[in-house]
Amino acid sequence: MTNEMTGGEALAQMIKAAEGGPMFGMGGFQLLPFYDAARRLGLDHHLINDERCAVFLADAYAKVSGRVGLADATLGPGATNLVTGLVEALNAGSPLVVIVGDANRDHAGKNMTQETDQAAILKPAVKAFLRLESVARIPEMMRRAFEIATTGRPGPVVVDVPEDIAHGTHGFEEGAFHVDPIFASVPALRCRPDADALDEAAAILARAERPMVLAGGGVHLSGAAEVLTRFAEENGIPVAHTMTGKGAIPCTHPMSAGLFGRYDRIANDLIAVSDALLVVGCKLGEIATKRYIVPPTDRTIIHLDIVAEEMGRTFEPTVRLWGDARAGLQDLAAALSPGAGEAKARRAAYHAEIADKMAAWRKEAAPRYDSEEVPIGMGRLIRDMRAELPDDGIFIADGGFAAHWGGLLFDTRLPGRAYVPDRGFASIGYGLPGAMGAKLAAPGRTVVALTGDGGFNMTLGELETAIRMRLAVTIVVVNNAASGYVKALQHLMYGEGSYQSSDLHETDYAAVARAMGAAGIRVTEPDALPAAFREAFARTDGPTVLDVVVTRDAGKMLPAADSRAVKVKKGDRVA
């Protein structure tokens with residue numbers, strides 16, 4: 001008994017078999033059979049206004065849910081518009097399956113409308129590029145796509161679908177459409193580090209007087225935050241984190257040393273004198289290492305990562321632990337368990353030192369958090385947002401300064417991914433679509449995004465999508481009438497007034513939002529922030545834009561020390 005159907009319907013059947021979540025795209029002729037099947041099968045598919053945002057949405061959905069994010073695009077400009085979002089997902093380890101239409105193979109290479117060598121363009125941006133050459137092989141290739149997306153370091157997989165494959169037909173056997181449910185989310189498979197290497201690592205940590213964990217986003221991909229928090233508690237080993245690693249341990253936990261790297265609270269100085277560093281799920285890239293000077297090269301480093309080639313890329317580890325973060329931490333905890341209590345007690349003075357340093361940092365940061373300045377200071381904005389956001393609320397941080405301010409000043413209160421920056425590629429424009437994807441992944445949680453006016457300008461069209469989908473997200477537009485990060489760098493490097501192509505037109509984004517059909521609230525005074533956040537978070541039937549007017553002083557746009565006090569040497573990157 002065969003079931004004759006188009007290739008497009010076979011694709012839809014495979015997504016249904018995988019129990020795929022929401023999917024985002026903009027159709028074209030090549031994928032019309034897929035769209036028709038999505039309608040008939042009741043797939044949760046939504047029109048997007050820009051293909052890059054389709055991938056941003058899918059990426060945030062994957063980051064928050066752990067499930068595979070789904071998107072599609074037509075050939076040519078649809079495909080090329082995906083690139084920025086795909087690289088974000090590739091670098092961040094987000095599991096995505098993206099269907100892309102392509103030219104009819106009978107006419108490929110004859111200047112068909114919108115045709116380009118999209119395979120050459122997309123391949124460097126994805127974990128795998130799978131081209132369909134047979135309608136009959138669609139189930140096999142889609143299963144492969146989900147398997148690749150969710151194993152090892154997760155990542156995006158493009159399934160390239162020529163027009164004649166999508167429109168062609170095949171008689172499929174009964175039972176052809178199935179996907180193993182373990183490949184619907186990450187990590188699909190877990191592997192454990194080598195036992196001998198693990199024993200060596202445990203011995204180093206057991207005798208260390210000032211050990212630290214440096215946690216990256218891989219902790220969240222592995223679902224290891226609660227395990228890491230217990231590990232830190234039981235062994236008395238403090239945890240510092242990257243921006244994507246925030247929430248690996250609650251920021252309010254006594255064992256939290258906060259952000260490390262380019263912007264830090266107290267962690268960099270602690271790292272400099274640590275006698276054992278356990279790096280977990282972290283690539284030790286430029287931002288995390290303050291351009292490769294943190295930690296010092298003579299430190300003892302144990303590197304636990306699912307990707308073997310990341311170990312040693314920037315710092316040579318003493319011990320390599322190749323495996324899943326959660327499994328590796330569980331094995332380390334078991335190995336350290338007999339002496340954990342004694343080791344923790346032995347480090348009491350170390351813990352007291354960390355508590356004192358963090359208390360001193362909070363006292364030093366208090367003027368930022370409590371500022372009454374007008375225009376509004378970023379510290380005050382984040383303080384009041386944190387106060388009104390539920391403990392399990394999700395904070396999406398756009399690229400550029402929004403992620404840096406949030407990474408430094410925002411406190412998570414629970415273990416897990418509640419702070420979601422797009423640090424895989426750090427593209428601006430992620431805030432609005434990222435909030436939408438997060439809300440779809442966690443409909444019962446409050447979602448707020450922090451984006452600059454420049455980033456909001458880039459993806460403003462998706463406000464229509466959020467309105468159409470009735471997504472109750474709050475978008476905080478940090479309105480400084482500038483490409484703030486660039487203007488601050490120009491100020492830092494060349495001095496006051498030395499700005500080029502970094503100013504924007506003064507725009508009332510609350511009025512823009514209202515004109516489009518969303519709620520819009522403009523905030524110009526700090527005392528108005530709490531009520532504005534409460535009103536926005538209480539809305540349940542659509543998006544709210546909070547247009548917050550912040551400083552126009554380029555010397556105050558970045559969270560480091562006021563740039564007028566920073567001495568820059570040739571080759572430095574202090575912000």
Side-chain angles (χ1 to χ4, degrees), residues 22 24-26 46-54 56-57 60 81 374-376 378 381 384-385 388-389 394-402 427-440 443 446-484 502-552:
F24 316 97
M26 184 184 296
H46 303 276
L47 171 65
I48 209 74
N49 287 298
D50 184 281
E51 292 90 349
R52 176 181 56 159
C53 291
F56 281 162
L57 265 151
N81 281 346
V374 177
I376 296 167
M378 287 296 297
L381 189 163
D384 289 349
M385 181 180 74
E388 301 300 330
L389 188 68
I394 299 171
F395 173 17
I396 306 293
D398 208 328
F401 74 92
S427 167
I428 64 172
Y430 189 88
L432 171 56
M436 295 163 65
K439 188 66 176 179
L440 289 165
T446 302
V447 176
V448 59
L450 191 68
T451 182
D453 38 12
F456 191 59
N457 287 342
M458 294 176 75
T459 56
L460 180 58
E462 298 317 327
L463 191 58
E464 182 276 331
T465 311
I467 294 166
R468 175 170 21 101
M469 296 180 66
R470 301 174 66 85
L471 292 176
V473 295
T474 298
I475 311 301
V476 180
V477 179
V478 179
N479 190 336
N480 55 21
S483 178
S502 56
D503 288 312
L504 296 170
H505 174 69
E506 288 276 357
T507 301
D508 183 340
Y509 291 99
V512 172
R514 291 192 296 270
M516 293 182 69
I521 305 170
R522 188 168 173 87
V523 185
T524 59
E525 302 283 339
D527 289 345
L529 282 168
F533 278 117
R534 285 195 293 272
E535 179 181 346
F537 293 163
R539 190 174 184 211
T540 60
D541 61 347
T544 301
V545 173
L546 294 190
D547 182 24
V548 182
V549 179
V550 301
T551 184
R552 267 64 175 161

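Sequential numbering from 1 along the given sequence is applied to the chain's residues.
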Heavy-atom closest pair, residues I467 and A518: CD1-N, 3.6 Å

Short side-chain to backbone donor-acceptor contact, D398 and G429, under 3.5 Å: yes

Hey, does M378 have a side-chain heavy atom less than 4.5 Å from the side chain of V550? yes

With sequence neighbours left out, what residues match F395 under ring pair (Phe, Tyr, Trp, His ring centres under 6.0 Å)? F410, Y419

In Å and rounded to the nearest 0.5 Å, what is the SG to CE distance from C53 to M436? 8.0 Å

Point-to-point distance, once rounded to the nearest 0.5 Å, from OH of Y430 to CG of L57: 8.5 Å

Kindly compute the distance separating CG (D50) from CZ (F56), expressed to the nearest 0.5 Å. 9.0 Å

Correct closest heavy-atom pair for L529 and L381 would be CD1-CA, 3.9 Å

dist R522:CZ -> Y509:OH (nearest 0.5 Å) comes out at 9.5 Å

Residues in side chain to side chain contact (heavy atoms under 4.5 Å, CB included) with A435, at least two apart? I396, V447, A449, V473, I475

Is R52 salt-bridged to E462, going by a charged N under 4.0 Å from an acidic O? no

Might you work through the salt bridge (Lys or Arg N to Asp or Glu O under 4.0 Å) test for R468 and E464, ending with a clear yes or no? CA-CA 6 Å; R468 175 170 21 101; E464 182 276 331; 2.8 Å; yes

